[in-house]
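As structure tokens, the structure follows; a few thoughts come after it.
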Amino acid sequence: MEYRPSDIEPKWRNWWKKNNTYQVENHSDKPKYYILDMFPYPSGAGLHVGHPLGYIASDILARYKRLRGFNVLHPMGFDSFGLPAEQYAIQTGQHPAVTTEQNIARYREQLENIGFSFDWSREVRTSDPGFYKWTQWIFIQLFNHYYDLDADKALSIESLVKRLSASGNAGLNAVCDDDTPPLSADEWNTMSEPEQAQFLLHYRLTFPGEEYVNWCPALGSVLSNDEVKDGVSERGGHPVERKLMKQWVMRITAYADRLLEGLNTVDWPESIKEQQRNWIGKSVGASVRFAVEGMPEQHIEVFTTRVDTIYGVTFMVLAPELELVKTLTTDEQRNAVEGYIKWAASRSEIERMASTKKATGVFTGAYAVNPFNNERVPIWIADYVLAGYGTGAVMAVPSGDQRDWTFAREFHLPVTPILDAQQDLDQAADPTKEGRYINSGLINGMNYAEAVPTLIRWLEEKGLGAGKTQYKLRNAVFSRQRYWGEPVPAIWEDGIPRMIDTAELPLLLPAVDKYLPTENGEPPLARAKGWKYELSTMPGWAGSSWYFYRYMDPNNEQEFCSKEAIQYWQNVDFYIGGSEHAVGHLLYSRFWNHFLYDLGLAPHREFAQKLVNQGMIQGRSNFVYRAKERFFEEYLLIKVLQPFFSAEGPMAIAEPNFEEEIQYDFAFETNNLAIEVTSVKQEEKIQRIRNAARADGKRLLLLSTEFLTEFINQPEIVAEKVRAALTSREEFIAEPGRLDNVHLFVSHNLTYKYSPDSLTKLHVDVNLVDDDVLDLEKARQTPQFAQANFKLDAEGKYTCSWEVEKMSKSKFNVVNPDIMVAEHGADCFRMFEMFLGPITDAKPWNTKGITGVSGFLRKFWGLYFDGEQFHVGDEAPDREEWRILHTCIKKVTDDIERMSMNTCVSHFMIATNDLRKLNCSKRAILEPLAVLIAPFGPHIAEELWHRLGHSGSVCDAAWPVLNEEYLKMDTKEFPIQINGKLRATIELPTDISAAEAEAAALALEQVQRWLEGLAPKKVVFVPGRMINVVV
RNA sequence: GCGGGCGUGGCGAAAUUGGUAGACGUACCAGACUUAGGAUCUGGCGCCGCGAGGCAUGGGGGUUCGAGUCCCUCCGCCCGCACCA
């Protein structure tokens, strides 16, 4: 009988649904196993083939564990608050809840079609009030706790209040704001209630703070650090600036050490752990206080990891933004310093990062005093020192730090050697710690290990410093000026926030007339009638920071999760998802979990014991080349610039220069103007061009690549800008923008792409290009293509190419799983995705191999049939049949355990091929085989299971037990090596002794030939494996 | 620059502790059945060589009876971080 997945798959999906096959109870005699997928954001584009990769792998594991006798929790839900739904709402006026609902329905349908064993009765949605009620509740708990360093955990604010009223904050060892003033019990007790509330904000784990934030004007909201890449927003690529704003802040720094230590207790990929360690950025060192010469009230505190180099300090450097700079600067230096500060502030993040090699800075005129030797050292400012790290001031040791060395070299500051083993300091700094100290007073003659404690002891005795640990981790800004997120359950009264009563939760997201900020720049919630609460909403990571507990008890209205449920399920045994969440979701959820643990609400410090990152499935992007010259003629030269130049006089235009090593640059010249379009990151190059233009007496028109995008979108507006710039200024530099992969929509299915590879490649819809040949008939139906002037190659064909890129709607390379499922069946799709390669590897989507899996499933199905008849007999299997089955049991069992799903599919193919050759149709073999394949192809397994006479689900079968006896072979083909190289093979009993094996090997004619009559020097025999004769 | 990972046929990849490198699948070649083949079946398929044989896991070196696997070194690619004192 023919294998037709379309006949059997929908049938069993309905059957599973009707029988609640995947419903899980919160109690069982069986051991529990919690396997979790990172839940998706339901975007409008629907699921693409990359999404299910991890879900399929986890589903196989979940089904396998269930067959092995575990009570398995394997849920799915939706991270349904977020930006795209809101952007869509802004454009269409449709409520984001409506589009979100539609998208979820689509996602669920797609997911269900793949045959996952999710328990949908436990589905969660972060935008559901029943869910975000508890997100708000946890927020309130954070507000009501502070971090006590002596207890090394979060304690209630009430206990802090008691303590303050008894003894003030003297001796209180708690995490708080840097500017928390000392407070006596008397002072506390005489404070008014609002004053007390204000004071407590210094300690609360979530609090409103004035923070420098990543403000994205285009999105009208702040972004977290992990939402910003290369100075632009990760989503949309809009410029981001630093701005001081009042924001809700999470005191995640309180947990820095625990988040770091916890990493040692979980089985997570090393790269993720390293990224988190890096993000937390712990450095151990010392703080040292330097006096300022002639200013007794002032001092400069620095943090250093190399206090041992203190005698090598020859200058100090402060970040230009520091308030202190203004106080220190002498009148003679004031102009220079202010000029530098202004210049530094005007530099974009990208510019600053691009020029790390050459040192810039200015002397303040002031001097600091090294507390150890009372030497006066000049105080400089430079933007290589960051205001946001440590104290924003460094003690510069040019002999030991390369940046300081470079700076000293540039400004002719002295370099003092401090170690006897130090390298040639004329060439570079020597950051090593080898040798003994010289020129170093207190520590002369000591080595590094002796010097550090000596110096710190001295500092602490004199009160001039102390051992100190510094972190890169910043407190996390928790406010977003957006609509589609959880409302913050706070009310402001006289500038002081108060949490609403938890009985009033959830605080529902109100209706608004528009999803935009108000005219005076307030967030969208300000539009809601009668809204008296906080106007900002929570960020995208709020709901995902605890959702894994909600699955345990999704409908509980009294608690975020019942104690019984959490006691039963504990934490996640196996978590699978993409590595892009390395320092976002995976760090924030660990933080919240540590907090919930402190409150006794979570049973483990870490919420996920094991984590696996699935690799990305990339798409194949197709391109057609567009004639380059025409592109510029049309858009840049003819439409805009030529009229302008004509007015100025005759123009000669050089060929666009495409062959530069940076190919997205192009340049051309007129007789009085040099035009350059380039990445602003190419600073050196810009300088070169600028100099050349000046030398030729020409003016420079410099356009960034992003500007070019804008230019083509709105040529008139931009042309006006260019004209204005050219008439008013000598030089015009357009806004710096994103530097690569700028995509420009020209129509719904054609894109101009600027990438380092070519300016004139067009992304083409996958459907238009087949096997590198553009389907002209289809392409002509698109209006833009009809007008486009594509490049013809020598044979008169359109030049096409392709590249592997991330799957994205804008690249027209998204492959939808529905088509695959409809065409080949869900089982085939599942096994094919697994067969692509190891789940952790990134791989381009390529459907070429699907016929292999499809053919295999047909053959596998065929094992159970004789022509049209289902045919499985009860004869006793022979040894070879047993061997095939048990080899398969062993391999598949081992490989699922190590998540090697691709090789499992291979083993099924081998077993099927072998059994086919034997014409095996025996129940004792085929029935266990159906169970083995059930995790991979649940539909085909269920069908066969029922045909084999069972009425229950194959999901409740028992995993076949391996019998090692069947793996044993009487004889084996032994490889015979001569000096480690294979020269012959010989069939021998598997358990042959060393002596017999040696004799048999030496008797071989091929071996004798190599021995040339001599006795072997040595014979190595590995029992049951091989023989190696050493000549 | 720092950290993590990787490098094996035309392609996706196997090789779990050092023990017959390339399983399985694609692509390709030949044949069979066919009116036909994007169906099915059989055989071949790392490279060089008629062959014996030689050479092969990014290059070079080492340890070992034996190295894709361990060590050193160089090269290349991917990912992350990046003036963090």
Side-chain angles (χ1 to χ4, degrees), chain A residues 229-230 269-279 281-283 285 302-307 309 316-317 319 352-353 355-357 359 382-386 388-397 400-404 406-407 431 470-473 579-580 582-583 613 615-616 832 835-838 840-856 858-859 891 894-895 897-898 900 902-913 972-985 1009 1016-1031:
Chain A
K229 289 259 182 312
D230 301 328
E270 205 46 47
S271 66
I272 298 278
K273 293 198 205 180
E274 269 308 306
Q275 281 182 63
Q276 294 209 353
R277 287 190 190 108
N278 217 314
W279 194 260
K282 180 177 185 173
S283 8
V302 299
F303 172 74
T304 175
T305 53
R306 288 294 302 278
V307 68
T309 63
M316 305 275 292
V317 188
R352 207 175 58 79
M353 290 194 302
S355 60
T356 59
K357 278 177 203 105
D383 70 351
Y384 82 88
V385 173
L386 306 175
Y389 184 74
T391 57
V394 303
M395 53 178 237
V397 184
D401 184 288
Q402 190 53 45
R403 293 156 305 177
D404 297 343
T406 309
F407 194 84
Q470 187 73 45
Y471 298 89
K472 273 194 261 183
L473 184 71
S579 58
E580 66 271 21
V583 291
N613 291 129
M616 210 191 322
F832 175 64
F835 195 57
L836 284 173
T840 49
D841 289 6
K843 47 206 155 256
W845 179 251
N846 178 359
T847 51
K848 289 254 169 69
I850 191 121
T851 55
V853 178
S854 181
F856 152 72
R858 265 200 305 277
K859 288 184 210 167
K891 297 277 192 185
D894 288 353
D895 286 359
E897 292 281 357
R898 62 188 182 101
S900 176
N902 54 331
T903 51
C904 288
V905 178
S906 301
H907 300 314
F908 287 128
M909 289 172 170
I910 293 167
T912 303
N913 290 342
K972 175 190 157 67
E973 186 134 287
F974 277 78
I976 312 291
Q977 298 179 343
I978 309 288
N979 293 340
K981 278 198 196 298
L982 180 75
R983 295 298 176 185
T985 57
R1009 181 146 34 103
K1017 279 196 193 126
K1018 186 176 174 185
V1019 177
V1020 180
F1021 174 69
V1022 184
R1025 294 207 89 135
M1026 48 76 67
I1027 301 155
N1028 187 14
V1029 181
V1030 186
V1031 182

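Order of the sequence lines sets the chain letters (A, B, ...), proteins ahead of strands, with each chain counted from 1. Everything quoted here is computed from the prediction, not taken from an experiment.
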Tell me if a side-chain donor or acceptor on A:Ser854 pairs with a main-chain N or O of A:Ile850 at a distance below 3.5 Å.
no
Interatomic distance, A:Gln275 CD vs B:G5 P [rounded to whole Å]
12 Å
Taking the side chain of A:Asp841 as its heavy atoms from C-beta onward, which of B:A85, B:A13, B:G4 lies nearest to it?
B:A13
Looking only at atom P, what distance separates B:G25 and B:G76, rounded to whole Å?
38 Å
Under 4.0 angstrom, heavy atoms only, what part of the nucleic acid is A:Pro838 near: base, sugar-phosphate, or nothing?
sugar-phosphate
Provide, to the nearest angstrom, the distance between the CZ atom belonging to A:Arg1025 and the C1' atom belonging to B:U16.
11 Å
P atoms of B:G7 and B:U57, separation to the nearest Å
14 Å
Looking across every strand, which nucleic acid part, if any, lies under 4.0 Å from A:Glu973 by heavy atom: base, sugar-phosphate, or nothing?
base
Polar pairs (N or O, both sides) under 3.5 Å between protein and nucleotides 22-27 of chain B?
unit_1 : atom_1 : unit_2   : atom_2 : d
B:A23  : N1     : A:Ser906 : OG     : 3.4
B:G25  : OP1    : A:Asn913 : ND2    : 3.1

Could you tell me whether the side chain of A:Lys843 and the main chain of A:Pro838 form a donor-acceptor pair under 3.5 Å?
yes
What distance, rounded to whole Å, do you find between the two C1' atoms, one in B:A23 and one in B:C74?
33 Å
Roughly how far, to the nearest 0.5 Å, is the CE atom of A:Met616 from the CG atom of A:Asp841?
12.5 Å
Identified side-chain contact (heavy atoms from CB on, under 4.5 Å) partner of A:Phe856 from the options A:Thr851, A:Thr912, A:Asn913:
A:Thr912
Looking at every non-hydrogen atom in both residues, tell me the closest pair between A:Gly849 and A:Phe832 and how far apart they are.
C-CE1, 3.5 Å
Can you tell which of B:U20, B:G4, B:G80 lies closest to the side chain of A:Leu982?
B:U20
For residues 1016-1031 of chain A, the side-chain hydrogen bond (donor to acceptor under 3.5 Å, both in side chains) pairs (sequence neighbours left out) are none
Most 5' of A:Phe974 and A:Ser900 on RNA chain B, judged by nearest nucleotide:
A:Ser900
chi for B:G9 classified (syn = within 90 degrees of 0, anti otherwise) as syn
Worked verdict on A:Lys891 versus A:Asp894 for salt bridge (charged side-chain N to carboxylate O under 4.0 Å, His left out)
CA-CA 5 Å; A:Lys891 297 277 192 185; A:Asp894 288 353; over 6 Å; no
Quantified in whole Å, what is the P atom distance between nucleotide B:U17 and nucleotide B:C70?
9 Å
Between the protein and nucleotides 64-66 of chain B, are there any N/O to N/O pairs under 3.5 Å, and if so, what are the atom names and distances?
unit_1 : atom_1 : unit_2    : atom_2 : d
B:C65  : O2'    : A:Asn1028 : ND2    : 3.2
B:C65  : O2     : A:Asn1028 : ND2    : 2.6

Who are the side chain to side chain donor-acceptor pair (under 3.5 Å) partners of A:Ser283, not counting sequence neighbours?
A:Tyr389
Give the minimum heavy-atom separation between A:Asp404 and A:Met395, together with the two atoms involved.
OD2-O, 3.9 Å
Spacing of the P atoms in B:C33 and B:U26 (rounded, Å)
24 Å
Output yes when a side-chain donor or acceptor of A:Lys273 lies under 3.5 Å from a complementary backbone atom of A:Ser271, and no otherwise.
no
Rounded to whole angstroms, how far apart are CD1 on A:Ile1027 and C1' on B:G19?
12 Å
Expressed as a whole number of Å, how far does the P atom of B:A85 sit from that of B:A14?
39 Å
Integer-rounded Å distance: B:A82 P and A:Tyr389 OH:
13 Å
Determine which bases of RNA chain B form Watson-Crick or G-U wobble pairs with both distances under 3.5 Å, and write the result as a 5' to 3' dot-bracket string with | for other-strand partners.
(((((((..(((......[....))).(((((.......))))).(((....)))..(((((..]....))))))))))))....
Taking A:Arg306 for the side chain and A:Pro431 for the main chain, is one N or O donor matched with an acceptor at less than 3.5 Å?
yes
Derivation of the side-chain hydrogen bond (donor to acceptor under 3.5 Å, both in side chains) call for A:Thr903 and A:Ser900
CA-CA 6 Å; A:Thr903 51; A:Ser900 176; 2.6 Å; yes
Side chain of A:Ser283, heavy atoms from C-beta onward: which of B:C81, B:A85, B:A39 has the nearest atom to it?
B:A85
Closest nucleotide of RNA chain B for A:Pro975 versus for A:Gln470: which of these residues is on the 5' side?
A:Pro975
Has A:Gln276 got a side-chain atom pairing as donor or acceptor with A:Ala582's backbone, closer than 3.5 angstrom?
yes
Length of the line joining A:Lys273:NZ and B:G5:P, which is rounded to integer Å
12 Å
C1'-based separation of B:G46 from B:U20 [nearest Å]
16 Å
Could you tell me how far apart A:Phe856 (CZ) and B:C41 (P) are, to the nearest whole angstrom?
14 Å
What's the gap between B:G19 and B:G68 when it is taken at their C1' atoms, as a whole Å value?
13 Å
Nucleotide N/O of nucleotides 43-53 of chain B paired with protein N/O under 3.5 Å:
unit_1 : atom_1 : unit_2    : atom_2 : d
B:G53  : OP1    : A:Arg1009 : NH1    : 3.2

Atom pair CG (A:Leu982) and CD1 (A:Ile976), whose distance is rounded to the nearest 0.5 Å:
8.5 Å
For B:C81, does either OP1 or OP2 sit under 4.0 Å from a side-chain N or O belonging to A:Arg277?
no
Roughly, in whole Å, what's the span from CD1 in A:Ile272 to P in B:C81?
11 Å
Check for a donor-acceptor pair, side chain of A:Asn902 on one end and backbone N or O of A:Phe835 on the other, with a separation under 3.5 Å.
no
Calculate the interatomic distance between A:Asn278 atom CG and B:G80 atom C1'; express it in whole Å.
8 Å
Validation row: A:Val1030, A:Val1019 side chains within 4.5 angstrom (heavy atoms):
no
Which nucleotide in B:G4, B:U20, B:G19 has an atom nearest any side-chain atom of A:Glu274:
B:G4
